[in-house]
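Note that this is a predicted model, so its numbers are computed, not measured. Position 1 is the first residue of the sequence; numbering continues from there.
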Amino acid sequence: MSSAPHTSAAPEEGATKPSNFLRQIIEHDLAKGTYTSRRWAGSPGDATHHASAPHDPARIRTRFPPEPNGYLHIGHAKSICLNFGLARDYGGVCHLRFDDTNPEKEDTEYVDSIIDAVKWLGFDWAQLGQAPGSAAPYQASDYFDFMYRAAEALIERGQAYVDEQSPEEMRANRGDFSKPGIDSPYRSRTPAENLARFREMRDGKLADGAAVLRARIAMDSPNINLRDPAIYRIRRATHHNTGDKWCIYPMYTFAHPIEDALEQITHSICTLEFEDQRPFYDWLMERLIEAGLLAAPAPHQYEFARLNLSYVITSKRKLAQLVNEGKVSGWDDPRMPTIVGLRRRGYTPAALQLFAERIGVTKSDSWIDYSTLEGCLREDLESQAHRGMAVLDPVKLVLTNWDEVMGAGHLEPCSLPALPHVPEGQPEPAARQFTIGKEVWIEREDFEEVPPKGYKRLFPGNKVRLKGGYVIECTGCERDATGRVTAVLALLVPDTKSGTPGADSVKVKAAITWVGVADGVAAEIRLYDRLFSDAHPDAGGKDFLSSLNPDSLKVVTGYVEPSLAHAEPDQKFQFERHGYFVADRQDHVKGQPVFNRAVGLKDSWGK
């Protein structure tokens, strides 16, 4: 599909946003007045419902239509940001609508999770003039009565028929790309016969699978999707919204364009796999407008390339397999690409919105490297995540002259800024307060008895600064019977405390992070990494489970400075030198802190 030329109809907000083919189409439609004749009665409905209503105050209407059969993932986040963002930028409204036409796979658990995810990402589906948060999402199942009426209208006009071939016969007679399909023996039934049989389907007089309603289009169409596609099937299943009212349900390809039309959608944006379905979308809209059930102009479908993110799978079936087989702890496992998983990992709405904007919108399939997503989170957290020191692989450092220099049992107060660079216009947060004493925890890797070339941290005879504290000189270590270092020994260099006049009297080449033994708090620290070690774990029919990264989660007990011990669940921090971490939303409690690594300070997977 070629995009419309760019016109002067600019977004109402964010005029500097990068353009793409969807923005060009919308701007062209606004300049041309394609949808200015639309009316809006305040709720979805057919042509009669909207006929006497005022003109639609929304310049455009988009929609985000998830099926409530699973948890949303990073690909859905892109679609949410796209659809809601376009409506926001062009003075429109985006509808949250549940495509709940498949009762066997849908559940209110998923409905609730989807509502929560969209709200968390920062979007609202209120109509213009309504208070934010005041609108209920739409549901395809609320339109079942109209869909049934539309099906009967097609039957009466000779544009649909009941087919009672077996699924195998229908499949064989459909043909393929090299040969046309064969007409069903039931295709020549009269409208009256089809209508009577369809009503028997509705009334439960036929068994599941005994018949389907098909659109009567062309069995020789080069587009296989137009070879009399099925639009209704028999399915005895209790629906989470309509209960047992129906035993026939519309097919998605039939329901979706009707939902758009009833809601007066202007730009129906979906991913490229639906491109071949667009001719049926248009055919159905034309037929129902001709029948007087819907009013022109009809919505139009546009397709964009779905998100392909390296080291990630987004198949709902495969994500469910990971959960059901215990490969992860649940849908909100921080290694999962679900929105609930990303949220628990420490991702922010701003980071995901930045990611969606940065990767753009195209009609060409391409792969986005996972590091792009991680970079967006770093960029968002850099200016707002309070700093803190944490030791993840602790070994004790003993300052052997502490008692002599500072006094036995003395604890010296120290402080460091919570943010090194406070964003302009924001108040500076209170400094972090902690103490240093005779014993502190340091990272085990910060000591080498025989240092490699270029090593600048602790080794016998070398001086370093304890960040925010004093300069120390390493004198050696203590080991256990196996030779493992159990303590590093050092001398305190007096009068070198950070922030005092003597701080620069001794020059050092390194400063190391540490946590005081006296006031440090033990914490469970979960070091999450990418779930898969293969950039394309399910490409080419591979067994994606064979690509699971055995190091995707390591749990350690470390020590954190006192400021971190008082973190609230979901609060983000930068653990200096280690990366960005978040207090776990589920398991973190004050006094028993649990932190998840959201992302490292730099890309450790770069080539």
Side-chain angles (χ1 to χ4, degrees), residues 1-4 20-26 29 34-35 44 60-70 72-90 92-102 105-106 114 117-118 121 123 125 137-140 143 147 223-226 229 231 250-286 297-309 314-316 339 356 359-366 368:
M1 182 197 310
S2 61
S3 59
N20 56 56
F21 77 97
L22 290 173
R23 288 184 176 274
Q24 292 171 3
I25 288 169
I26 291 171
D29 286 341
T34 304
Y35 294 101
I60 66 169
R61 287 186 183 269
T62 60
R63 83 290 173 273
F64 174 62
E67 183 180 359
N69 65 349
L72 301 184
H73 54 62
I74 183 67
H76 295 113
K78 174 185 176 180
S79 182
I80 291 169
C81 294
L82 174 63
N83 280 287
F84 281 91
L86 288 172
R88 173 199 62 210
D89 292 346
Y90 290 98
V93 172
C94 182
H95 298 182
L96 173 60
R97 174 216 304 152
F98 292 110
D99 261 316
D100 54 352
T101 58
N102 189 353
K105 296 182 178 180
E106 295 157 0
I114 290 168
V118 176
L121 278 170
F123 298 106
W125 48 93
Y138 295 132
Q139 299 180 94
Y143 312 146
M147 292 177 191
N223 184 338
I224 294 179
N225 294 292
L226 292 180
I231 58 177
M251 305 296 286
Y252 176 82
T253 51
F254 177 74
H256 177 235
I258 289 177
E259 296 157 23
D260 285 347
L262 295 177
E263 295 177 14
Q264 295 289 66
I265 300 302
T266 57
H267 301 82
S268 180
I269 301 166
C270 55
T271 45
L272 279 175
E273 63 262 36
F274 296 101
E275 186 173 27
D276 289 342
Q277 296 288 353
R278 182 167 15 104
F280 176 71
Y281 186 112
D282 294 339
W283 178 90
L284 181 61
M285 292 294 93
E286 290 169 6
H300 193 84
Q301 177 178 298
Y302 303 93
E303 306 87 20
F304 68 97
R306 68 184 303 162
L307 173 63
N308 296 307
L309 187 62
T314 53
S315 160
K316 285 184 180 178
I339 294 178
I359 62 177
V361 181
T362 70
K363 288 187 69 80
S364 302
D365 272 323
S366 60
I368 304 298

Can you confirm whether or not the ring centre of [X] sits under 6.0 Å from the ring centre of [Y]?
| X | Y | answer |
| --- | --- | --- |
| His267 | Tyr302 | yes |
| Phe254 | His256 | no |
| Phe274 | Tyr252 | yes |

Could you tell me whether a side-chain N or O of [X] sits under 3.5 Å from a main-chain N or O of [Y], the two making a donor and an acceptor?
| X | Y | result |
| --- | --- | --- |
| Arg278 | His300 | no |
| Asp99 | Ala140 | no |
| Thr362 | Ser364 | yes |
| Thr62 | Asn83 | yes |

Rounded distance [0.5 Å steps], [atom1] in [X] versus [atom2] in [Y]:
| X | Y | atom1 | atom2 | value |
| --- | --- | --- | --- | --- |
| Asp29 | Ile60 | CG | CD1 | 9.5 Å |
| Leu226 | Gln277 | CG | CD | 8.5 Å |
| Ile80 | Leu121 | CD1 | CG | 5.0 Å |
| Ser79 | Phe64 | OG | CZ | 5.5 Å |
| Thr253 | Leu284 | OG1 | CG | 9.0 Å |
| Tyr90 | Ile26 | OH | CD1 | 6.0 Å |

Looking just at side-chain N and O atoms, do Glu303 and Gln301 make a donor-acceptor pair shorter than 3.5 Å?
yes
Indicate the atoms forming the closest heavy-atom contact of Pro297 with Thr34, along with that distance.
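What the structure gives for the nearest pair is CG-O, 3.8 Å.
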Are Arg306 and Asp365 ion-paired here, with the side-chain N under 4.0 Å from a carboxylate O?
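Asp365 and Arg306: not salt-bridged.
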NZ/NE/NH1/NH2 to OD/OE distance under 4.0 Å, Arg97 and Glu259:
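Judged by the 4.0 Å cut-off on N to carboxylate O distance, Arg97 and Glu259 do form a salt bridge.
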Could you check whether the rings of His95 and Tyr138 sit parallel, tilted or perpendicular, using 30° and 60° as the cut-offs?
perpendicular
Arg61 and Asp260: salt bridge (Lys or Arg N to Asp or Glu O under 4.0 Å), yes or no, with the steps?
CA-CA 9 Å; Arg61 287 186 183 269; Asp260 285 347; over 6 Å; no
